[in-house]
Student: 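Structure in structure tokens, see below.
Here is how names work: the chains are called A, B, and so on, in the same order as the sequence lines, proteins then strands, and each is numbered from 1.
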Amino acid sequence: MDEKQQYLAKFWLVIGHIPEGRVATYGGIAEMAGYPRMARAVGRCLKTLPEGSSLPWHRVINAKGMISFPEGSPQYQTQRQRLEDEGIIFRNNKVPLAQHLWLGD
DNA sequence: ACCATGACAATCG
DNA sequence: ACGATTGCCATGG
């Protein structure tokens, strides 16, 4: 496996470890995986995910606590719906990170 | 091979 | 507080 695929695998692992009802930021995931400042690589990682993937990609949001898709996009609504379904509350289209942010165990 | 773009983020003016 | 700039890496034209 190529070196670059290495941290992609780490990202998948970390994302898969995000508990239900919690969210994580791109930078946070990158840092937890041991690759700080690789937030963009995390984004690339998710972007290339197969649709049927079991990865809880919906628990990944940006540092502002908001969904990184344009509002009105089907993906945005899907993600938001799933998060709310897990008990995550949205306040003015953003998530209170102080309550839901997951920083590892 | 160079430039532009992207589910981002930290810093600066 | 907020828009602009810079850093980072992979991909596509």
Student: To the nearest 0.5 angstrom, please state how far the CG atom of A/Leu101 sits from the OG1 atom of A/Thr25.
Tutor: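 Result: 6.0 Å between the selected atoms.
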
Student: Between the protein and nucleotides 1-4 of chain B, list every N/O to N/O distance that falls short of 3.5 Å.
Tutor:
none

Student: Whole angstrom is fine here: how far is it from CG in A/Leu46 over to P in B/dA9?
Tutor: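 Going from CG in A/Leu46 over to P in B/dA9 covers 11 Å.
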
Student: A/Lys64 has an atom NZ; how far is it from atom P of B/dA7, in whole Å?
Tutor: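 Atom-to-atom, A/Lys64 to B/dA7, this comes out as 13 Å.
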
Student: Could you list the protein-to-nucleotides 4-7 of chain C atom pairs, N/O on both sides, closer than 3.5 Å?
Tutor:
{"unit_1": "C/dG7", "atom_1": "O6", "unit_2": "A/Arg40", "atom_2": "NH1", "d": "3.4"}

Student: Cation-pi check, A/Arg40 to A/Tyr26: give yes when NZ or CZ is under 6.0 Å from the six-membered ring centre and within 45° of the ring axis, no otherwise.
Tutor: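 Because its charged atom misses either the 6.0 Å distance or the 45° angle limit, A/Arg40 does not stack over A/Tyr26.
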
Student: Roughly how far apart are A/Thr78 OG1 and A/Trp57 CH2, rounded to 0.5 Å?
Tutor: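 Rounded to the nearest 0.5 Å, the OG1-CH2 separation comes out at 6.0 Å.
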
Student: Examine distances only and state if a side-chain atom of A/Asn62 and a backbone atom of A/Lys64 form a donor-acceptor pair shorter than 3.5 Å.
Tutor: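 Answer holds: yes.
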
Student: Can you check the distance between C/dC2 and B/dA7, where both ends of the measurement are the C1' atom (answer in whole Å)?
Tutor: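 Their C1' atoms lie roughly 22 Å apart.
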
Student: Does atom CD (A/Glu31) have a neighbourhood of more than 12 heavy atoms from anything else shown, all under 6.0 Å?
Tutor: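 Atom CD in A/Glu31 is not crowded, with 12 or fewer foreign heavy atoms closer than 6.0 Å.
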
Student: Whole-Å distance between B/dA7 C1' and A/Gln79 CD?
Tutor: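 Going from A/Gln79 (CD) to B/dA7 (C1'), I get 8 Å.
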
Student: How long is the span from the CD1 atom in A/Ile67 to the CD atom in A/Gln77, to the nearest 0.5 Å?
Tutor: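 Separation between the atoms: 9.5 Å.
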
Student: Show, in sequence, the C-alpha distance, side-chain angles and deciding distance for A/Glu86 and A/His58, and conclude whether the side-chain hydrogen bond (donor to acceptor under 3.5 Å, both in side chains) test is met.
Tutor: CA-CA 11 Å; A/Glu86 292 186 356; A/His58 51 276; 3.1 Å; yes

Student: Scan A/Ala63 against the nucleic acid and name what it touches under 4.0 Å (heavy atoms): base, sugar-phosphate only, or nothing.
Tutor: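 Sugar-phosphate contact only - A/Ala63 comes under 4.0 Å of backbone atoms but never of a base.
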
Student: Which whole-number value in Å describes the distance from A/Phe69 CZ to B/dC8 C1'?
Tutor: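 Value for this atom pair: 13 Å.
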
Student: Given atom CG of A/Asn62 and atom P of B/dA7, what is their separation to the nearest angstrom?
Tutor: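 Spelled out: CG on A/Asn62 to P on B/dA7 is 12 Å.
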
Student: Looking only at side-chain atoms of A/Met38, point me to the closest of B/dA9, B/dA7, C/dC8.
Tutor: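 From the listed options, C/dC8 comes nearest.
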
Student: Return the value, rounded to whole Å, for the distance between atom CZ of A/Arg44 and atom P of B/dA9.
Tutor: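 My rounded result for the distance is 16 Å.
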
Student: Rounded to the nearest 0.5 Å, how far does CH2 of A/Trp102 lie from CE of A/Met32?
Tutor: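 Answer rounded to 0.5 Å: 5.0 Å.
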
Student: In Å and rounded to the nearest 0.5 Å, what is the CZ to CG distance from A/Phe11 to A/Leu46?
Tutor: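 Going from CZ on A/Phe11 over to CG on A/Leu46, the span is 9.5 Å.
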
Student: Respond yes when some side-chain nitrogen or oxygen of A/Tyr35 is under 4.0 Å from OP1 or OP2 of C/dC9, and no when none is.
Tutor: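 Answer no for this pair, as no side-chain N or O of A/Tyr35 is under 4.0 Å from OP1 or OP2.
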
Student: In whole angstroms, how far is the C1' atom of B/dC8 from the CD1 atom of A/Ile15?
Tutor: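 Going from CD1 in A/Ile15 over to C1' in B/dC8 covers 13 Å.
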
